[in-house]
Trainee: 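First the structure, then my questions, so here it is.
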There are 2 protein chains.
Amino acid sequence: MCPQPVTNGNGHSAQNHNSNGNGNGQLNERRAAAMPYQSVGDFLSNTDKFQIIESTLREGEQFANAFFDTETKIKIAIALSDFGVEYIELTSPAASPQSRDDLIAICKLGLKSKILTHVRCNMEDARMAVECGVDGVDVVIGTSHLLRTHSHGKDMATITESAIEVINYIKSQGVEVRFSSEDSFRSDLVDLLSLYKAVDRVGVNRVGVADTVGCATPRQVYDLVRTLRGVVSCDIETHFHNDTGCAIANAHAALEAGATHIDTSVLGIGERNGITPLGGLLARMIVGSHDYVTSRYKLHKLKEIEDLVAESVQINVPFNNPITGFCAFTHKAGIHAKAILNEPSTYEIINPADFGMSRYIHFASRLTGWNAIKSRVEQLGLHMTDDQVKSLTSKIKAMADIRPLAIDDTDSIIRSFHLDLQEE
Amino acid sequence: MCPQPVTNGNGHSAQNHNSNGNGNGQLNERRAAAMPYQSVGDFLSNTDKFQIIESTLREGEQFANAFFDTETKIKIAIALSDFGVEYIELTSPAASPQSRDDLIAICKLGLKSKILTHVRCNMEDARMAVECGVDGVDVVIGTSHLLRTHSHGKDMATITESAIEVINYIKSQGVEVRFSSEDSFRSDLVDLLSLYKAVDRVGVNRVGVADTVGCATPRQVYDLVRTLRGVVSCDIETHFHNDTGCAIANAHAALEAGATHIDTSVLGIGERNGITPLGGLLARMIVGSHDYVTSRYKLHKLKEIEDLVAESVQINVPFNNPITGFCAFTHKAGIHAKAILNEPSTYEIINPADFGMSRYIHFASRLTGWNAIKSRVEQLGLHMTDDQVKSLTSKIKAMADIRPLAIDDTDSIIRSFHLDLQEE
């Protein structure tokens with residue numbers, strides 16, 4: 001039952017929306033026709049100028065199955081840098097001696113991406129991070145009532161004081177610094193804004209908003225980030241867990257509200273069911289910001305990176321993964337297949353060719369239509385009239401109604417039908 | 001490397017946030033403390049009074065791998081009805097003779113859920129649907145410029161006329177009727193609103209908004225549904241594809257804006273990478289509408305239904321599936337484990353017990369902390385001082401730094417450390 005690539009009558013792939021040698025003007029017109037309604041533009045929006053903080057080697061290491069040895073970490077870091085992510089974040093050197101050694105090794109690779117590490121808000125961790133040779137340090141502390149009570153036990157004044165001390169130290173070492181609250185969406189808004197304002201005043205490079213428990217909705221994200229955008233002048237990084245399935249949508253809403261940086265991991269691996277996935281974020285962003293996304297990232301390498309990470313942590317790429325899921329560009333219902341064969345953008349908002357992927361029309365099912373069968377007949381190099389194809393289609397639908405049909409089965413039916421025609 | 005259940009010192013499961021015999025008042029207080037910031041209440045919002053139109057047997061049949069024989073369809077329909085979904089939608093009887101026979105068979109089961117079928121907007125399909133004995137008919141037609149050009153070729157006046165004819169007929173048969181546009185988010189807004197207004201005037205039960213290509217963002221959904229809410233008086237059903245990973249967030253935004261019905265399928269299976277998944281939607285909704293969701297659906301049967309469907313279409317449940325993904329309630333980083341052991345809601349927005357699931361603390365990794373190891377020591381029935389546990393933790397972290405540790409390995413280290421203590 002695996003699907004098959006679509007080719008047009010000339011044997012050329014029909015997969016590319018833009019494969020007809022059109023100039024850019026025509027391309028843009030077609031894109032505008034395919035997507036007449038964009039979000040109302042907002043002067044705060046950064047949907048076409050965001051940066052990615054790739055955290056597979058930090059958040060991803062917190063995934064249940066993850067154990068990255070040094071060699072794997074280096075492979076992943078090189079692949080991510082080559083892909084074009086602006087930052088790569090690694091586990092704190094305070095976590096274990098090997099974590100520290102790996103961080104030093106990756107800092108020495110001289111990658112294009114900036115190397116960050118993620119530490120608790122204290123001087124000891126900050127010093128250890130700076131000594132590893134990182135480009136930036138991501139400092140974090142829990143600010144919700146729950147985390148203050150059950151995790152570190154500090155009050156907001158103490159948190160602010162130690163944040164300022166740590167930020168001043170890291171800056172004094174000529175290293176970039178981000179300060180993030182943890183569990184931001186369950187923290188007191190006034191506490192949070194006061195803290196961010198204080199760290200902005202001492203010159204932090206970025207503040208971070210983190211939905212550590214995955215509770216936030218896109219409207220909550222938009223509201224909080226938009227409010228914060230009016231309070232601080234520094235960059236705003238955001239981090240979204242996926243417990244309620246909103247991690248991609250929340251990242252998009254954050255950018256619309258003025259966030260500048262999004263945390264991702266490959267396939268979204270991380271604590272529990274993970275965070276915003278790199279590929280899923282780019283699927284979302286390419287729809288509205290095609291030129292920015294394609295110019296900045298080597299999208300055709302996405303599948304390779306996902307396979308590398310999936311293998312390292314021994315998981316399957318989910319069937320429903322955006323872009324690279326096995327059926328992300330598979331069309332089955334007859335009514336869909338017909339329109340797709342006429343014009344791919346009827347049922348596709350993303351051009352698979354942008355990611356080096358192919359479109360498939362599933363023709364071996366009871367839901368098939370004669371347009372899909374006609375396309376397959378042409379692929380097999382056979383010639384039939386439309387009426388002959390329609391009668392063949394009824395035959396295939398009748399057989400597919402009884403049991404699942406494999407491609408091979410269906411091809412045999414087509415060939416035998418064609419043979420009968422010749423002999424008549 | 002598989003994780004292990006958490007129990008407290010008495011050997012009882014510590015998984016239930018609410019397992020201490022608290023009254024409802026205390027429960028609500030704890031919930032309020034865990035989630036101090038709800039979305040600003042909107043008088044349009046239906047987040048605590050929505051209904052589910054479960055489309056595994058229609059949209060799900062369009063999934064690349066799906067072939068449901070009659071027996072499987074009946075099994076799935078019974079399970080969904082028992083779970084509590086309000087509607088079950090099946091493939092059009094016009095798709096194939098077997099589709100028609102299966103629809104008739106399921107209508108005769110007398111399930112608690114209402115049975116719908118999904119047909120093209122023409123009299124022939126509508127008649128065939130009604131004759132099968134359904135409770136309701138979901139009528140659909142493409143309204144985007146692209147679908148009008150490349151699919152059916154009809155103009156808006158013709159669409160409106162045939163919609164009214166079909167709706168009047170279905171209503172005259174005493175059957176519920178929904179009218180939906182296809183590809184609503186790429187249709188002309190004025191065309192769309194005129195059409196919905198016309199069908200509302202003739203008494204359609206529901207209008208449907210469908211993001212057929214998966215392009216919509218939550219803010220676009222909110223805006224369109226909110227506008228539509230002011231134009232029609234009937235119910236509003238919404239249908240979201242997941243190409244850009246926003247299908248759950250879009251469903252939530254639609255309910256906030258006044259939609260009344262959400263289309264789902266089990267695990268989200270459908271055309272391409274599918275639609276809003278049943279389990280994912282409930283993960284999202286339970287956070288804000290705990291009592292509505294738990295009172296209406298048999299949540300502890302979710303995993304069973306997901307396993308049934310996954311097996312029927314030969315897929316794995318994605319590792320990152322909300323609620324039932326293998327690591328959805330697994331905590332790994334030492335700092336998380338410590339807080340979770342003190343108070344689960346620190347890092348959990350959903351109580352796994354509501355879905356009959358368990359929490360796990362992953363203790364066999366370099367990221368572990370002494371609180372997680374202490375909990376394991378207690379589970380093994382051993383006694384150590386905190387200082388002894390801390391020294392044991394360093395030993396485990398050092399070994400986990402070199403290679404992945406299995407639970408068995410770690411338990412051996414713990415036991416041998418404990419033995420050494422006895423002998424000292």
Side-chain angles (χ1 to χ4, degrees), chain A residues 1 3 35-36 39 62 64-65 67 95-98 146-147 150-151 186 213-215 217-220 242-246 248-249 252-253 268 271-274 280 283-284 287 315-316 318-320 322 325 327-328 330 332-333 336 339 342-343 345-347 349-350 362 366-367 397 401 404, chain B residues 1 3 35-36 39 62 64-65 67 95-98 146-147 150-151 186 213-215 217-220 242-246 248-249 252-253 268 271-274 280 283-284 287 315-316 318-320 322 325 327-328 330 332-333 336 339 342-343 345-347 349-350 362 366-367 397 401 404:
Chain A
M1 299 240 294
M35 190 64 195
S39 279
Q62 291 174 227
N65 271 18
F67 175 89
S96 78
Q98 192 62 51
L146 281 164
L147 286 178
H150 299 287
S151 181
R186 296 193 299 175
V213 295
C215 66
T217 67
R219 289 178 70 216
Q220 290 175 314
N242 206 25
D243 299 73
T244 60
C246 293
I248 296 173
H252 185 265
E271 281 282 355
R272 305 185 308 283
N273 79 334
R284 177 66 270 173
V287 172
I315 54 171
N316 294 305
F319 78 88
N320 57 357
C327 50
T330 298
K332 187 168 173 187
H336 286 213
N342 277 336
E343 168 56 51
S345 54
T346 45
Y347 283 101
I349 196 65
I350 294 168
H362 194 90
R366 67 164 67 125
L367 303 180
K397 282 171 81 87
D401 224 7
Chain B
M1 296 241 294
M35 190 64 195
S39 279
Q62 292 175 225
N65 271 18
F67 175 88
S96 78
Q98 191 62 51
L146 281 164
L147 287 178
H150 299 288
S151 182
R186 297 193 299 175
V213 295
C215 67
T217 66
R219 289 178 70 217
Q220 290 175 315
N242 206 25
D243 300 73
T244 60
C246 292
I248 295 172
H252 185 263
E271 281 282 355
R272 306 186 306 282
N273 78 334
R284 176 66 270 174
V287 172
I315 54 172
N316 294 305
F319 78 88
N320 57 359
C327 50
T330 297
K332 186 167 173 187
H336 287 212
N342 277 336
E343 168 55 52
S345 55
T346 45
Y347 284 101
I349 197 65
I350 295 168
H362 194 91
R366 68 165 66 125
L367 304 179
K397 282 171 81 87
D401 225 6

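Worth knowing before you read on, the calculation uses all heavy atoms, side chains too, and leaves out hydrogens, waters and symmetry mates. Each chain gets a letter, A, B and so on, in the order its sequence line appears, and its residues count up from 1.
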Trainee: Measuring heavy-atom distances to chain A, does B:Ala95 have an atom under 4.5 Å in its side chain, in its backbone, in both, or in neither?
Mentor: both
Trainee: Identify which of B:Gly268, B:Gly274, B:Cys246, B:Gly214 forms the greatest number of heavy-atom pairs closer than 4.5 Å to chain A.
Mentor: B:Cys246
Trainee: Please determine, among A:Asn342, A:Asn273, A:Asp243, A:Ile315, the option with the most heavy-atom pairs under 4.5 Å with chain B.
Mentor: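 Looking at each option in turn, the highest pair count goes to A:Asn273.
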Trainee: Check whether any side-chain heavy atom of A:Ile349 sits under 4.5 Å from a side-chain heavy atom of B:Arg186, and report yes or no.
Mentor: yes
Trainee: Please look at B:Pro97 and chain A and tell me whether the side chain, the backbone, both or neither of the residue comes under 4.5 angstrom of a heavy atom of that chain.
Mentor: both
Trainee: Can you name the closest pair of heavy atoms from B:Phe319 and B:Cys327 and give their distance?
Mentor: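 Heavy atoms only, the tightest pair is O-SG, 3.6 Å.
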Trainee: Output the option from A:Pro218, A:Ala249, A:Ala283, A:Ser96 having the highest count of non-hydrogen pairs under 4.5 Å with chain B.
Mentor: A:Ser96
Trainee: As a quick check of understanding, evaluate side-chain contact (heavy atoms from CB on, under 4.5 Å) for B:Asn242 and B:Arg272, giving each step before the final call.
Mentor: CA-CA 9 Å; B:Asn242 206 25; B:Arg272 306 186 306 282; over 6 Å; no
Trainee: Atom CD in A:Glu271, atom OG1 in B:Thr330: separation rounded to 0.5 Å?
Mentor: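 Rounded to the nearest 0.5 Å, the CD-OG1 separation comes out at 9.0 Å.
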Trainee: Starting at CZ of A:Arg284, measure out to CD1 of A:Ile248 and round the result to the nearest 0.5 Å.
Mentor: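 Output value for this atom pair is 9.0 Å.
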